[in-house]
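This report concerns only the one structure given below.
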Amino acid sequence: MKRILVTGGAGFIGSHLCERLLAEKNEVLCVDNFFTGRRTNVAALLANPAFELMRHDVTFPLYVETDEIYNLACPASPVHYQFDPVQTTKTSVHGAINMLGLAKRTRAKIFQASTSEVYGDPAVHPQVESYWGNVNPIGPRACYDEGKRCAETLFFDYFRQHRTRIRVARIFNTYGPRMLPNDGRVVSNFIVQALQGHDITVYGKGDQTRSFCYVDDLIEGFVRLMAATDAVTGPMNLGNPVENTILELAEKIIKLAKSSSKIIHKPLPQDDPTRRKPDISQARDTLKWEPKMALDEGLARTVHYFRGLLAA
Ligand code: NAD
Ligand code: UDP
């Protein structure tokens, strides 16, 4: 039985990861400050004696014993990470230093939830891991983008300097049950709007693109990357390479939710990336991993989740 620490474990992706790790008979310590995470996300796991939930902010040191660390703590929605941008950078940077220090002392393997945002508004399409990105260092998204970029720097310096066993995943837009209804991200926004019969708010013309990965597929990628040999450090893109415009996504969701909502247009936020699609050749070759869930099916499941949540 491995002892596995998941920071940000009460969040959207973190709660699915805790569930999966427990199902594989590991001991899981879930650490979260509940900024965007919810106890309800892990409520069903509390009865399992192999699961422990701890309120803790990763910007402060943590002294526990562990074999593996998944470092997910960080708000991921632009609305939430821009709410207190200084805290967002601290979470990424101080959080990485604290968790890497813990990995060094315990000789644990450590996984970093990095992001496609390290590519900024990419000039290379689709995005390959060797691309260094196009990030505005002083814009409203910089607290997140540069925080995550600095975290990657720290991971690779710990790897070179201390031989820490690292895994860095660059996650592309992921969706599924347990996203917050007021999360601000596009999938949850559109589904909640469609189910409530409100206007669907497409920012800009809606011709910007994203590639959406269902959460179960992503978790499979996490587990495979962690299990790979220590030579596989990443950074490795994990995401679904099927690209859609935001307008296409809005139309799909209206149809799937059988909604009468109308599409309206709102101003495009500053520095909103124009297009995004992962090149996943590295994950395909090294992990034999690729997403399985088609967008329509994944969205239908997510609509079903939100329908239940909003009715409760
Ligand atoms: P989320 O907001 O649901 O989860 C983040 C979790 O971290 C929450 O439970 C939150 O309370 C916790 N947290 C925030 N600051 C903390 C702190 N200082 N100390 C302890 N806990 C803290 O978001 P998510 O979508 O589940 O994202 C999880 C990770 O994956 C994040 O690191 C995010 O940057 C990364 N990621 C997600 C996506 C995506 O599309 N969902 C894409 C790229 C990267
Ligand atoms: N978006 C939108 N309407 C919304 C929320 C988001 O049109 O109500 C757009 C947003 O401008 C971006 C895309 O959807 O182009 C994805 O936004 P999200 O916040 O989900 O994630 P991002 O990939 O930008 O971090």
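Quick note: residue numbers are just sequence positions, from 1. Every number for a ligand or one of its atoms is a count from 1 in the order of the listing.
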Quiz item: For atom 2 (O) of ligand 1, which candidate among Leu62, Thr36, Asn41, Ile13 holds the nearest heavy atom?
Solution: Thr36

Quiz item: For atom 13 (N) of ligand 1, what's the nearest protein heavy atom and its distance?
Solution: Asn33 OD1, 3.3 Å

Quiz item: What part of His56, side chain from CB on, backbone N/CA/C/O, both or neither, has a heavy atom under 4.0 Å from ligand 1?
Solution: backbone

Quiz item: Based purely on interatomic distance, does Ser114 place a nitrogen or oxygen under 3.5 Å from a nitrogen or oxygen of ligand 1?
Solution: no

Quiz item: If only atom types and distance count, is the side chain of Thr66 paired as donor or acceptor with the main-chain N or O of Arg3 below 3.5 Å?
Solution: yes

Quiz prompt | Interfacing atoms of ligand 2 (cut-off 4.0 Å, heavy-atom, Gln208) | solution = 9 (C), 11 (O), 15 (O)

Quiz item: Is NZ or CZ of Arg39 both nearer than 6.0 Å to the six-membered ring centre of Phe34 and within 45° of the ring axis?
Solution: yes

Practice problem: For atom 43 (C) of ligand 1, find the nearest protein heavy atom and state the residue, atom name and distance (0.1 Å precision). | Solution: Ile171 O, 3.1 Å

Quiz item: Is Asn173 touching ligand 2 with its side chain, its backbone, both, or neither, if touching means heavy atoms under 4.0 Å apart?
Solution: side chain

Quiz item: In ligand 1, which numbered atoms sit nearer than 4.0 Å to a non-hydrogen atom of Lys148?
Solution: 31 (C), 32 (O), 33 (C), 34 (O)

Self-check item: Arg276 near ligand 2 by a heavy-atom separation under 4.0 Å
Solution: yes

Quiz item: Taking only heavy atoms of Arg141, which atoms of ligand 2 are found under 4.0 Å from at least one of them?
Solution: 22 (P), 24 (O), 25 (O)

Exercise. For ligand 1, note which part of Gln87 has a heavy atom under 4.0 Å away: side chain, backbone, both or neither.
Key: side chain

Quiz item: Which atoms of ligand 1 are found less than 4.0 Å from any heavy atom of Phe34?
Solution: 11 (O)

Quiz item: Between the side chains of Glu243 and Thr209, does any donor sit under 3.5 Å from an acceptor?
Solution: yes

